Trainee: 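Take this structure, written in C-alpha cells, and hold onto it; I'll ask about it next.
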There are 2 protein chains.
Amino acid sequence: MPSSPSTSRTLFDDDRTGIIYRTAARIIYEKGFDATSMSEIAEALDLTKPGLYYYVKGKKELLYSIMRCAMNLLDSDVVEPAALIADPEERLRVIIREHARLLTNEAGALAILIDEDGGLSAEHREDIAKRKRAYFEFLRRTLEALEAEGRLREVDSTVAAFSLLGMVMWIARWYDSKGRLASEKVVQDVTEIALAGMLVPRSKESMGLAQVQ
Amino acid sequence: MPSSPSTSRTLFDDDRTGIIYRTAARIIYEKGFDATSMSEIAEALDLTKPGLYYYVKGKKELLYSIMRCAMNLLDSDVVEPAALIADPEERLRVIIREHARLLTNEAGALAILIDEDGGLSAEHREDIAKRKRAYFEFLRRTLEALEAEGRLREVDSTVAAFSLLGMVMWIARWYDSKGRLASEKVVQDVTEIALAGMLVPRSKESMGLAQVQ
DNA sequence: GAATATTTACCGACCGGTAGGTAAACCGGT
DNA sequence: ACCGGTTTACCTACCGGTCGGTAAATATTC
C-alpha cells in the first residue's frame with residue numbers, strides 16, 4: 001500500500017494519493033458523487049478501475065479521505081490564523097476573508113464538503129459532521145464575543161452564523177475563476193457585506209481607518 | 001391519464017399528482033436525487049413501482065415537474081408581490097423576507113431547486129436555469145436600482161446578489177421547523193442581516209424607528 | 001335497471017444496462 | 001526472483017423502465 005492512504009499530513013500530499021484525491025474531488029464536485037463512477041475517476045487519472053482500487057479502498061472511503069483533507073485545509077488556513085486574534089471583529093473578518101479566499105481558489109475539494117455527505121457511511125458522516133460543527137461553533141463563539149461587547153446586531157447568534165456560512169459557502173456555487181470578477185474583488189465584497197450585516201453601525205467615533213465608500 | 005401530469009395550476013394541486021410531487025420532493029431532498037430510487041418513492045406512497053409509473057412518465061420528468069412547481073411557487077409568492085413595489089429598499093426587503101419565509105415552510109420542494117439540477121435532461125435543465133436566471137436578475141436589478149440612488153454599499157451588484165441568495169438559500173440546509181428557533185424569528189433576523197449588509201448606513205437623519213440595540 | 005363496454009388505477013414479473021468491487025494474471029525494475 | 005503497480009476478465013446487485021394482466025369504478029346501451 002502506498003505512502004499514507006488516509007493520514008494526509010497537511011492537506012493534499014504531492015504523492016500519488018494527493019493527485020488522486022484532487023482529481024477525484026474535481027470530478028465529483030462537477031458531476032456529483034453518485035453520478036460519478038469510479039471508472040470515470042480512474043480514466044481521468046489514466047488508470048483502469050482496478051488500478052484506482054489499488055490506491056483507494058472504496059468509493060466511500062475516497063470521499064471520506066477527500067473530505068478530511070478539505071477539513072484539514074479549512075482548519076489550517078482559516079481557523080488556526082483566526083484563533084490567534086483576540087479582537088472578535090478582526091477575528092470575524094479573518095474567518096470570512098480566508099474562508100472566502102479558500103473557496104475562490106481550491107473550490108472543488110471544499111465544495112464537496114457542502115453537499116455529498118450523504119455518500120458517507122454513518123460513522124464517517126458523524127465524524128465529518130463533528131468537525132463541521134466545531135467550525136460552526138468557532139464562528140458562533142466569535143459572534144457571541146462580539147455580542148458581549150455590544151457590537152453585534154440584535155440577532156440570534158445561530159442565525160447569524162448560518163447566514164455568514166451560507167453567504168460564504170455559496171461562493172463555490174457561482175464563482176468562476178475564468179469569469180469577469182477577480183477573486184480578490186469577490187473576497188473583498190463578500191467580506192464587507194458579511195461584516196456590515198453583523199456589526200452594529202459605529203455611531204460617531206471612527207477608530208482607525210474606516211471602510212470608506 | 002390522470003388530470004394534469006405537468007401543468008400544475010398554481011403550485012401543488014391537491015389531487016393525486018400533487019401528493020406524489022410533494023412526497024417525492026421530500027424524499028429526494030432528504031436523500032438526494034440519484035440516491036433515491038423510484039421504488040422508494042412508490043413505497044412511500046403505498047404503491048408499487050409500476051403503480052407510480054402510471055402517474056409519472058419517468059424519473060427525470062418527475063424531478064422536472066417538481067422543479068417547475070417550485071419555481072411557480074417562487075414566482076407567485078416572492079416575485080409577484082415584490083414586483084409591485086417601487087422603492088428598491090422596500091422591494092429588496094420583501095424579496096428576502098418572502099423567500100426566507102417560503103424556505104422555512106415548504107423547504108423540501110424549494111431546496112431541490114438548489115442542487116439536483118444535474119438530474120435533468122439538457123433541455124429541462126436549460127429551462128430551469130433560465131427561470132433561475134430571471135429570478136437572479138430580478139434581484140440584481142433591484143440592487144442596481146438601490147445603487148443608482150446611492151443606497152447600496154460599494155460592492156459589485158452581482159457579488160451582492162449572490163451573497164443574498166446564498167444567505168437565504170442556505171436556510172433550507174439548516175433550519176429545522178421542530179428546533180429551537182421560531183420560523184418568523186429566523187425570517188426576521190436573516191432579513192435584517194441581509195438588508196444591513198447591502199445598505200449604506202444612513203448617516204444622521206433617522207427616519208422612522210431605527211433598530212436600537 | 002340489467003348487461004355490456006370502457007376507463008381508471010394498479011400489481012407481479014421481468015429485462016437491459018451499469019456500477020462497485022474483486023481474483024488472478026502480468027510486467028518492469030532492482 | 002521478487003515486489004510494486006497495473007491490467008483483463010468477471011461477478012453481483014441494483015435501478016430505471018416495460019409488459020401483460022386485472023379488480024373496481026364508471027359510462028353506455030338496450
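Here the structure is a predicted model, which is why all the values come from computation and not from measurement. So that the names make sense, note that chain A is the first sequence line, chain B the second, and so on, each numbered from 1.
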Trainee: Do NZ/NE/NH1/NH2 and the carboxylate oxygens of Asp115(B) and Arg173(A) come within less than 4.0 Å?
Mentor: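 A salt bridge is present here (some side-chain N lies under 4.0 Å from a carboxylate O).
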Trainee: Mind checking whether Trp174(B) and Phe162(A) have parallel, tilted or perpendicular rings, split at 30° and 60°?
Mentor: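 It falls in the parallel class, under 30°.
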Trainee: Grab the N/O contacts between the protein and nucleotides 20-22 of chain D below 3.5 Å, and write none if there aren't any.
Mentor:
none

Trainee: Between dC15(D) atom P and Glu43(B) atom CD, what is the distance in whole Å?
Mentor: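 Rounded to whole Å, this separation is 11 Å.
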Trainee: Do the side chain of Tyr53(A) and the main chain of Met38(A) share a donor and acceptor less than 3.5 angstrom apart?
Mentor: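 Checked: no pair found.
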Trainee: Whole angstroms only, please: what is the CE-C1' distance between Met38(A) and dT22(C)?
Mentor: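 Interatomic distance, CE of Met38(A) to C1' of dT22(C): 13 Å.
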Trainee: When you measure from the side chain of Arg140(A) to the backbone N and O of Thr158(A), does any donor-acceptor pair fall under 3.5 Å?
Mentor: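 Looks like no, no N/O pair under 3.5 Å.
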Trainee: Measure from CZ on Phe33(B) to C1' on dC15(D) and round the result to the nearest Å.
Mentor: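 Atom CZ in Phe33(B) sits about 12 Å away from atom C1' in dC15(D).
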Trainee: Phosphate oxygens OP1/OP2 of dC10(C): is one of them under 4.0 Å from a side-chain N or O of Thr48(B)?
Mentor: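 False: Thr48(B) side-chain N/O out of range (4.0 Å or more) of dC10(C) OP1/OP2.
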Trainee: Within the supplied structure, the quantity of interest is the number of heavy atoms (other residues, nucleotides, ligands) at a distance under 6.0 Å from Glu43(B) CD; does it exceed 12?
Mentor: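 Check fails, neighbour count at 12 or below.
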Trainee: So, does the side chain of Lys49(B) form a donor-acceptor pair with the base of dG16(D) at under 3.5 Å?
Mentor: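 Present.
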Trainee: Give one of base, sugar-phosphate or nothing for Leu52(B), where a contact means two heavy atoms less than 4.0 Å apart.
Mentor: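 Answer is nothing: Leu52(B) stays at 4.0 Å or more from every strand.
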Trainee: Please check the phosphate of dC10(C) (OP1 and OP2 only) for any side-chain N or O of Tyr54(B) closer than 4.0 Å.
Mentor: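 Looking at the OP1 and OP2 atoms of dC10(C), neither is under 4.0 Å from any side-chain N or O of Tyr54(B).
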Trainee: Quick one: Asp34(A) CG to dT18(C) P, roughly how many Å, whole number?
Mentor: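 Distance, rounded to whole Å: 17 Å.
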Trainee: Can you tell me the distance, in whole Å, between the CD1 atom of Ile20(A) and the C1' atom of dT6(D)?
Mentor: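 After rounding, the gap between these two atoms is 12 Å.
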Trainee: Rounding to an integer number of Å, can you tell me how far Leu120(A) CG sits from dG20(C) P?
Mentor: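 To the nearest whole Å, that distance equals 15 Å.
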Trainee: Report the distance from atom CG of Asp46(B) to atom P of dA9(C), rounded to the nearest whole Å.
Mentor: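 My rounded result for the distance is 16 Å.
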Trainee: Let me know the distance between OH of Tyr53(A) and C1' of dA9(D), rounded to the nearest Å.
Mentor: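 These atoms are roughly 16 Å apart.
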Trainee: Assign the ring pair His124(A) / Tyr64(A) to parallel, tilted or perpendicular, where the plane angle (0 to 90°) is split at 30° and 60°.
Mentor: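 Answer is parallel, since the angle falls under 30°.
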Trainee: Using modelled atom types and a 3.5 Å cut-off, is there a donor and acceptor pairing between side-chain atoms of Arg125(A) and backbone atoms of Leu120(A)?
Mentor: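 At least one qualifying donor-acceptor pair exists.
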